[in-house]
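Residue numbering restarts at 1 for every chain, and letters A, B, ... go by the order of the sequence lines.
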There are 2 protein chains.
Amino acid sequence: MSRKTMVRPGGRSARVQASVHAAVRELESEVGREALTVPLVAARAGVTPSTIYRRWGDLQELLSDVAVERLRPEAAPVDKGSLSSDLEAWAEQFLQEMTAPSGRAYIRDALLGDPDGSNAGLCSAYAAEQIDVILDRAAGRTENAPDVETVLDHVVAPMMYRILFRPEGLDSAYARQLVAGLVGSTDR
Amino acid sequence: MSRKTMVRPGGRSARVQASVHAAVRELESEVGREALTVPLVAARAGVTPSTIYRRWGDLQELLSDVAVERLRPEAAPVDKGSLSSDLEAWAEQFLQEMTAPSGRAYIRDALLGDPDGSNAGLCSAYAAEQIDVILDRAAGRTENAPDVETVLDHVVAPMMYRILFRPEGLDSAYARQLVAGLVGSTDR
DNA sequence: ACCTTAAAGCAAATATGTTGCTTCAAGTGA
DNA sequence: TCACTTGAAGCAACATATTTGCTTTAAGGT
């Protein structure tokens, strides 16, 4: 797990972490991601640079933590009444958010400063959680639903692959096509 | 395209590029990836640091270029006699190479120092090329074959997604399962 | 209230990254 | 072949960022 999870829960450490994260978000929008530096963030957060270096190691790990926070879904997926329409709506929104320049930047940052892969694991877990909700709902309607792994393979993975490796020409139609390919074959 | 492609084809620039790339590879194995720095690479390459900064921008972009080079396939996929066995063999080998710690490191490096996405695009193009060979061969045997995009979605993307986001428990069986899921449904 | 102890602050030392200017040598055209 | 042009390399001074030892602070336990 990344270092931030090891801090004492309340008190000074927590305040420092919060103000550093806030400083990153503020400066990202004020001066742009490229211009961020550890000393700059430290100054804005009212903290010495060495504090950041000791807690996060380097700028990338800090940015990775902040990026993961921003990738956490804020609400449960909307209920459209059926498995296929729930998945379609979720996939369309996911793709739209992730293909936006800011979304791509967060994904890259999350992967980048992540030596042990825990932040990447979190990103995947977020998607899995959302899908779980959708699948549970479908089970409640007695629709027969695939399992989470299958949805990850058929819907999430292709979207992520293209976002990272071939960002050209991605649109909602592609998201719908992936969902169709999944619910078309009810097997496995 | 990354800067290295803009250098004059022969002569001094080419020599500098070659010796810098060689220095990266040597030092990677001698001191480890973590310990690489631009001044260190420059010293080994017999070049001043400013040359590297001006040509590549920073260490990440240099490492990205070197990583892409190492991800380029060295041979055409082996011919196993049928589409499904060709794909299986290729997918197994791909997964095995990419899940190795060094493979994962190269993928990450390739993605990381790649502001414009051209190196990521190359990685994907390499896989597409190999798959193209396999599909052409299948067409020559009058097997009915899916198109490249379908193979990318069903086989390559899931492997890459898991390598990057959930590297636990990946093995050849997973690669075979993906291929089976693809050739099982001959549609689309 | 007093210990204990992670974590923060501070400051000096070191390493890295940037820049203007000079020098070199590959390609170009008389 | 020999200037001539030009992109790229070298050098050196400068600016920033990173590391580190030591001191101080304050959270949590007794």
Side-chain angles (χ1 to χ4, degrees), chain A residues 1-24 26-28 30-66 109 112-115, chain B residues 1-24 26-28 30-66 69 109 112-115 118:
Chain A
M1 265 271 188
S2 68
R3 307 179 198 202
K4 75 160 189 281
T5 61
M6 297 167 64
V7 307
R8 295 181 178 181
R12 185 160 69 157
S13 290
R15 276 198 305 280
V16 165
Q17 168 164 325
S19 79
V20 168
H21 277 217
V24 168
E26 287 168 26
L27 289 168
E28 243 175 16
E30 286 174 29
V31 305
R33 212 196 138 273
E34 290 308 303
L36 290 185
T37 65
V38 170
L40 188 68
V41 171
R44 171 64 63 102
V47 142
T48 59
S50 64
T51 295
I52 294 183
Y53 288 119
R54 289 213 240 247
R55 283 238 335 233
W56 282 278
D58 62 16
L59 183 64
Q60 289 185 348
E61 288 189 47
L62 172 56
L63 291 181
S64 181
D65 281 353
V66 173
D109 285 345
L112 248 136
D114 190 23
Chain B
M1 267 292 212
S2 68
R3 308 178 199 205
K4 75 161 191 282
T5 60
M6 296 168 63
V7 308
R8 295 179 179 183
R12 184 161 70 155
S13 291
R15 276 198 306 280
V16 166
Q17 167 165 325
S19 79
V20 168
H21 277 217
V24 168
E26 288 168 24
L27 288 168
E28 244 176 17
E30 286 173 29
V31 304
R33 213 198 137 269
E34 291 306 303
L36 290 184
T37 65
V38 170
L40 187 68
V41 171
R44 172 63 65 102
V47 144
T48 59
S50 64
T51 295
I52 293 183
Y53 288 120
R54 288 213 240 249
R55 284 250 317 245
W56 281 278
D58 61 16
L59 184 63
Q60 289 184 348
E61 289 190 47
L62 171 55
L63 291 181
S64 181
D65 281 353
V66 173
E69 246 172 40
D109 284 346
L112 252 135
D114 190 25
S118 59

Problem - Sub-4.5 Å side-chain heavy-atom contact between Arg33(A) and Leu63(A) - result: yes
Handout entry: Distance, nearest 0.5 Å, that separates OG of Ser64(B) from CD of Glu69(B)
Key = 11.0 Å
Fill in the blank from the handout: Smallest heavy-atom separation, Leu36(B) atom then Val31(B) atom, equals CD2-CG2, 4.3 Å
Practice task
Would you check if His21(B) and Leu62(B) make a side-chain contact, meaning some heavy-atom pair closer than 4.5 Å?
Solution key: yes
Fill in the blank from the handout: With the side chain defined as heavy atoms from C-beta on, Tyr53(A) is closest, among dA7(C), dA26(C), dT19(D), to dT19(D)
Problem - Pairing residues for Glu34(B) by the side chain to side chain donor-acceptor pair (under 3.5 Å) criterion, not counting sequence neighbours - result: none
Fill in the blank from the handout: Within residues 42-49 of chain A, those residues having any heavy atom closer than 4.0 Å to DNA chain C are Gly46(A), Val47(A), Thr48(A)
Exercise for the section: Round to a whole Å and report the spacing from CD1 of Ile52(A) to C1' of dA7(C). Expected result: 14 Å
Handout entry: Phosphate OP1/OP2 of dG10(D): any Thr51(B) side-chain N/O under 4.0 Å
Key = yes
Completion exercise
Atom CG of Leu36(B) and atom P of dA15(C) are separated, to the nearest Å, by 17 Å
Practice task
Compare all side-chain heavy atoms of Arg55(B) with those of Val20(B) and state whether any distance is below 4.5 angstrom.
Solution key: no
Practice task
Answer whether the closest heavy-atom distance between the side chains of Gln17(A) and Asp65(A) falls below 4.5 Å.
Solution key: no
Problem - Euclidean distance, atom CG of residue Leu40(B) to atom C1' of dG17(C) [Å, nearest integer] - result: 15 Å
Exercise for the section: Grab the CH2-P distance between Trp56(B) and dT18(C) for me, whole Å please. Expected result: 16 Å
Just the atom pairs and distances: protein N or O near nucleotides 12-16 of chain D's N or O, under 3.5 Å.
none

Problem - Interatomic distance where CD belongs to Glu34(B) and P belongs to dT19(D) [whole Å] - result: 12 Å
Fill in the blank from the handout: Contacts of Asp114(B) meeting side chain to side chain donor-acceptor pair (under 3.5 Å) (sequence neighbours excluded), chain-then-number -> none
Exercise for the section: With sequence neighbours excluded, tell me which residues meet side chain to side chain contact (heavy atoms under 4.5 Å, CB included) with Pro39(A). Expected result: Thr37(A), Tyr53(A)
Handout entry: Separation of atom CG in Leu59(A) from atom C1' in dG17(C), rounded to whole Å
Key = 15 Å
Completion exercise
When the rotation axes relating C1' atoms of four end pairs to the next four are compared across the helix from dT4(C)-dA27(D) to dA30(C)-dT1(D), five pairs an end, they differ to 10° by 40°
Handout entry: Phosphate-side-chain proximity, Arg15(A) and dA27(D), N/O vs OP1/OP2 below 4.0 Å
Key = yes
Exercise for the section: Please state how far atom CD in Gln17(B) lies from atom P in dA9(D), giving the value in whole angstrom units. Expected result: 10 Å
